[in-house]
Amino acid sequence: MDIHEYQAKVLLRKAGIPVPPGEVAETPAEAEAIAKKLGGTVVVKAQVHAGGRGKAGGVQLAKTAAEARDHTSKILGMEIKGLVVQSVLVTHAEEIATEAYLGVLVDRKLQAPLFMASPAGGIDIEEVARSTPEKLRKLRVDPRYGLLPHQAYWIADFLYDDPDQIKQGAHIAERLWRVFIDAGASMVEINPLITTPSGEVKAIDAKLSVDDNELFRHLEIADMRDTTAEPPAEMLAREANLSYVKLDGTVGCCVNGAGLAMATMDLVSFYGGEPANFLDIGGSSNPDKVVTALEIITADANVKVILFNIFGGITRCDDVAKGIIEAMQRIDIKVPIVIRLTGTNEDAALEILKEAGCAAYTSMDDVVKKAVDLAGAA
Ligand code: GDP
Ligand code: MN
């Protein structure tokens, strides 16, 4: 789960990282009132879960409150990387001398948190890593000890020459580590971390992500979820307790069990198709769940065929077959559906599906080949 910049900034402030004052607004009038309260020049910033807002026109300086209102009416409703802006952060504008990058993420290869710092801030850190890797300092942090003070200095030393700024940078690095740990984050970053002409170090942008599986331990973060800012299919799936990941292919996959779901996607690729999604409907035959699953899959216009792959262990295949048929009666599906069921009560299940006129299989190879054929022909 991602949180908005204004929410991440609340966490940073609480941890003692200098962040300019600001508040979130959902209407131009609210933005104007906040700008008036802050006084002076403000920045109006689109709150969406995407980077590169500056380039997209979603970050605007406003010298007066009236200007803040006008910028807000233009930014609200704007689309940035497919996401519609529904709120803005109105924050005190800073004078910028330098822009740096500071972040922590969970590095899968290192199997540990990785601290990263770059004096080339303000731009995408992936871009820095690609084109000027010498401008990126990385530090694997041992989670048993956390970020040690001398390591925080080593990181800040890479960003600044001035001893006072190094000290400020080191304190910010230590506090950013606390934010990362306390939030159970998978990623937290400040980009840019600026210095002002008078030499103060401040965070003017912030990003934080937490793995969904971590949220039960961090209810205060879970409460920050803004479902209106997320892709609708993912929200539907989460509410129905389905694990869903959208992909770019044409074969919609509806499978029980995460391992079988991945094996199904592998086989789709093996036979020359491309899966449209990962979807684990879990071990239930509940038609409501199947309806939701079908709604999510068919909402994706790329889907040319729906492939069910069900292994009946504790779940009985005949129950699942009834669930599928009921679901198909409840919603109108325009693409072909192929079904593979195997396991407990599979004979009864095949009987039920055949009576209902559905293409049913017991072999995984056969059903996947058929699905890939249908997707190719469509
Ligand atoms: P992003 O593009 O989504 O990463 O949004 P940022 O918050 O990082 O803003 C993009 C750019 O806008 C920054 O790199 C700055 O150059 C500029 N910017 C943002 N806030 C301020 C500010 O308070 N003062 C000034 N002068 N520029 C700002
Ligand atoms: Mn940024």
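Along the sequence shown, the residues carry numbers beginning at 1. Remember, it's 1-based here, ligands and their atoms both numbered in the order they're listed.
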Is the shortest side-chain N to carboxylate O distance from [X] to [Y] below 4.0 Å?
| X | Y | value |
| --- | --- | --- |
| Arg330 | Glu326 | yes |
| Arg53 | Asp205 | yes |
| Glu234 | Arg238 | no |
| Asp107 | Lys109 | no |

To which protein heavy atom is [atom] closest, and what is the distance rounded to 0.1 Å?
| atom | value |
| --- | --- |
| atom 3 (O) of ligand 1 | Arg53 NE, 2.7 Å |
| atom 19 (C) of ligand 1 | Ile204 CD1, 3.7 Å |
| atom 13 (C) of ligand 1 | Glu99 OE1, 3.6 Å |
| atom 12 (O) of ligand 1 | Val59 CG1, 3.8 Å |
| atom 28 (C) of ligand 1 | Ile96 CD1, 3.8 Å |
| atom 6 (P) of ligand 1 | Asp205 OD2, 3.4 Å |
| atom 10 (C) of ligand 1 | Gly54 CA, 4.2 Å |

Shortest-distance N, O or S atom of Asp205 relative to the Mn ion (ligand 2): OD2
Between [X] and [Y]: side-chain donor-acceptor atoms closer than 3.5 Å:
| X | Y | result |
| --- | --- | --- |
| Asn309 | Thr264 | yes |
| Ser209 | Asp2 | yes |
| Asp365 | Tyr271 | yes |
| Glu5 | Gln47 | yes |

Enumerated ligand 1 atoms positioned under 4.0 Å from heavy atoms of Val43: 21 (C), 22 (C), 23 (O)
Where ligand 1 meets Ala93 - atom numbers and elements under 4.0 angstrom, heavy-atom basis: 23 (O)
Per-atom contact, atom 25 (C) of ligand 1, protein heavy atoms, under 4.0 angstrom: yes
Working for side chain to side chain donor-acceptor pair (under 3.5 Å), residues Thr98 and Thr195: CA-CA 5 Å; Thr98 66; Thr195 59; 2.5 Å; yes
For ligand 1, the portion of Asn191 having any non-hydrogen atom under 4.0 Å away: backbone
Ligand 1 N/O within reach of Lys45 N/O, cut-off under 3.5 Å: yes
Within-cut-off N or O pair, Glu94 and ligand 1, under 3.5 Å: yes
